[in-house]
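Note that ligands are numbered from 1 as they come in the structure, with each ligand's atoms numbered from 1 the same way. Quick caveat: nothing in here was measured; it's all calculated off a predicted structure.
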Amino acid sequence: MAQHPSRRATQRVELKRKTLEAYRDVAGDDAVAEIRDLASGLRGMRVLEVSSTATGGGVAELLASQVPLLRDVGIDAQWSVIPGDQRFFAFTKALHNGLQGRPITISDADREEYLRHNADYARSLADHWDVVIVHDPQPAATRSLLADAGSARWVWRCHIDSSAPDPVAWDFLRPFVESYDRAVFTLGEFVPADLRVPVRLIQPAIDPLSSKNRELPGYLSRATAAELGIDVARPLLLQVSRFDPWKDPLGVVDVWRRVREDVPSLQLALVGAMAGDDPEAWGIYRELEDRVRGERDCLLLTNQMGVNAHEVNALQRVADVAVQKSTREGFGLVVSETLWKGTAMVAGRAGGIPVQLEDGRCGHLATGVAEFSARVVSLLEHPARAREMGVEGHRRVRERFLITRLLRDELRLLSELR
Ligand code: UDP
């Protein structure tokens, strides 16, 4: 993905082409037919998706597949990114954390800065859209700041666990959100009780044909892992996540240390993308470096070192067990990505994780270092059981969390707004 140089004002994201037909084998004839049927009434609809970064994190992952597929079925879809600087993204990350329940204070300067970026972005928008879908808090005020809203319908898409928001964060955001025609959340329990906008629920999904998720031969996965410094003859524990406090990477190190008392040869790989809209990540990365200094069997890997979609794909395949030690999680796309590869997981009882990972069938849900460690040890000691769980996980993702289901849900929403 690249941002078009001559359109910096609106930061349009350039995308690969994708065709729905390529998904027929994996998703089935019925899913393809339903999508074509829904899309037939929407041909030519102009849809703009707005987010805050073109790389890193689940939203970017979703839009990189969804927008090309919308285009393939006849929607005139574009994706654009709100431009921001360090100060803007520091504030919007605090707002994100506030929605997830961490106390926040908002100064007049924060408010002004936020509104200034949103107003600049609103001015740069052309008014020829039928539907504008705005993701998360960063660009949420755009709708209220438009001089002329035209005839477009506006959707606010929240990917965050906003079930128990800090009141300061939610009071700040709520008036902006209430200017929208619809608000979309991942789970019913995330919808704040006082929100006065028609709500729809849509769960994210993975693209089984992307370089992150497509089939890889075993030799290539192992060679890729070995190139990153992993000894493929020894067991590997993996977490793939932004370096974010809610994903608890420091807790993963504690789990690894505890499990190593039973399985001394266990390696740990912590893979963390540095998303452009997440200034907290470097601080956490440095804390991790301090915590594991001198530990040869713990690898910290980032997209800055060239650990990108293919490498994540390979690591999710060679890992003996993957963890997702989230304490709060909007959805946790990485859970479906991992289960799709048949790798058993131990993951937090948080947000969208239990919807994807059926406890005791595709892996285990856990809370706290002791429970995580005991579950990881048990999966390492019973590899046949771990493989069975991997098969179950793959089946569940095929049934519920493929991009074709998401495309169907989005087309239903667009039909409603026509
Ligand atoms: N991701 C990645 N490289 C990393 C860390 C994360 O490609 O080093 C991807 C991960 O594979 C997934 C997305 O970023 O596609 C994270 O989405 P998720 O919903 O799990 O969490 P979010 O970051 O949106 O909170």
For ligand 1, is any non-hydrogen atom under 4.0 Å from Ser241's backbone (N, CA, C, O), its side chain (CB onward), both, or neither? backbone

Any idea how Trp340 and His394 line up, ring-wise: parallel (<30°), tilted (30 to 60°), or perpendicular (>60°)? parallel

Decide whether Lys212 and Asn308 meet the rule of one side-chain donor and one side-chain acceptor closer than 3.5 Å. no

Would you mind listing which atoms of ligand 1 come within a distance below 4.0 Å of any non-hydrogen atom of Glu61? 15 (O)

Where on Gln324 is there a heavy atom closer than 4.0 Å to ligand 1, on the side chain, on the backbone, on both, or on neither? neither

Angle between ring planes, Tyr285 versus Phe243, binned at 30° and 60°: parallel, tilted or perpendicular? tilted

If we number the atoms of ligand 1 from 1 as shown, the ones under 4.0 Å from a heavy atom of Leu333 are 17 (O), 18 (P), 19 (O), 20 (O)

Closest non-hydrogen contact found for Met305 with Leu300 is CE-O, 3.2 Å

Which is it for Arg200 and Glu410 under the salt bridge (charged side-chain N to carboxylate O under 4.0 Å, His left out) test, yes or no, and what are the steps along the way? CA-CA 10 Å; Arg200 300 290 176 266; Glu410 177 131 341; over 6 Å; no

Under 4.0 Å from one or more heavy atoms of Val334, ligand 1 contributes atoms 20 (O)

How far is atom 1 (N) of ligand 1 from its nearest protein heavy atom, and which residue and atom is that? Val240 CG1, 4.0 Å

Test side chain to side chain contact (heavy atoms under 4.5 Å, CB included) applied to Ser163 and Arg328, step by step: CA-CA 10 Å; Ser163 53; Arg328 280 214 185 257; 3.6 Å; yes

Check Arg234 against Gln267 and note the closest heavy-atom contact, atom names and distance. O-NE2, 3.3 Å

Against heavy atoms of Arg242, which atoms of ligand 1 measure under 4.0 Å? 22 (P), 23 (O), 25 (O)

Only heavy atoms of Glu337, strictly under 4.0 Å: list the atoms of ligand 1 that pass. 10 (C), 11 (O), 12 (C), 15 (O)

Name the option, out of Glu311, Lys212, Gln316, that contains the heavy atom nearest to atom 2 (C) of ligand 1. Lys212

Is ligand 1 under 4.0 Å from a heavy atom in the side chain of His159, in the backbone, in both, or in neither? neither

Looking only at protein heavy atoms, which one is nearest to atom 8 (O) of ligand 1, and what is the separation? Ala273 N, 2.7 Å

Which atoms from ligand 1 have a heavy atom of Gly272 less than 4.0 Å away? 4 (C), 8 (O)

Evaluate Gly58 for polar contact with ligand 1, using N/O atom pairs at a separation under 3.5 Å. yes

In terms of atom number and element, which parts of ligand 1 are under 4.0 angstrom from non-hydrogen atoms of Lys247? 21 (O), 22 (P), 23 (O), 25 (O)

What residue and heavy atom of the protein are closest to atom 14 (O) of ligand 1, and at what distance? Gly57 N, 3.6 Å

Just by modelled atom types, is the Leu333 backbone N or O under 3.5 Å from a matching donor or acceptor in the Ser336 side chain? no

Would you say Asn303 touches ligand 1, if touching means a heavy atom closer than 4.0 Å? no

Would you please classify the geometry between the Phe176 ring and the Tyr114 ring as parallel, tilted or perpendicular, with 30° and 60° separating the classes? tilted

Do Ser326 and Gln324 have side-chain N/O donor and acceptor atoms under 3.5 Å apart? yes

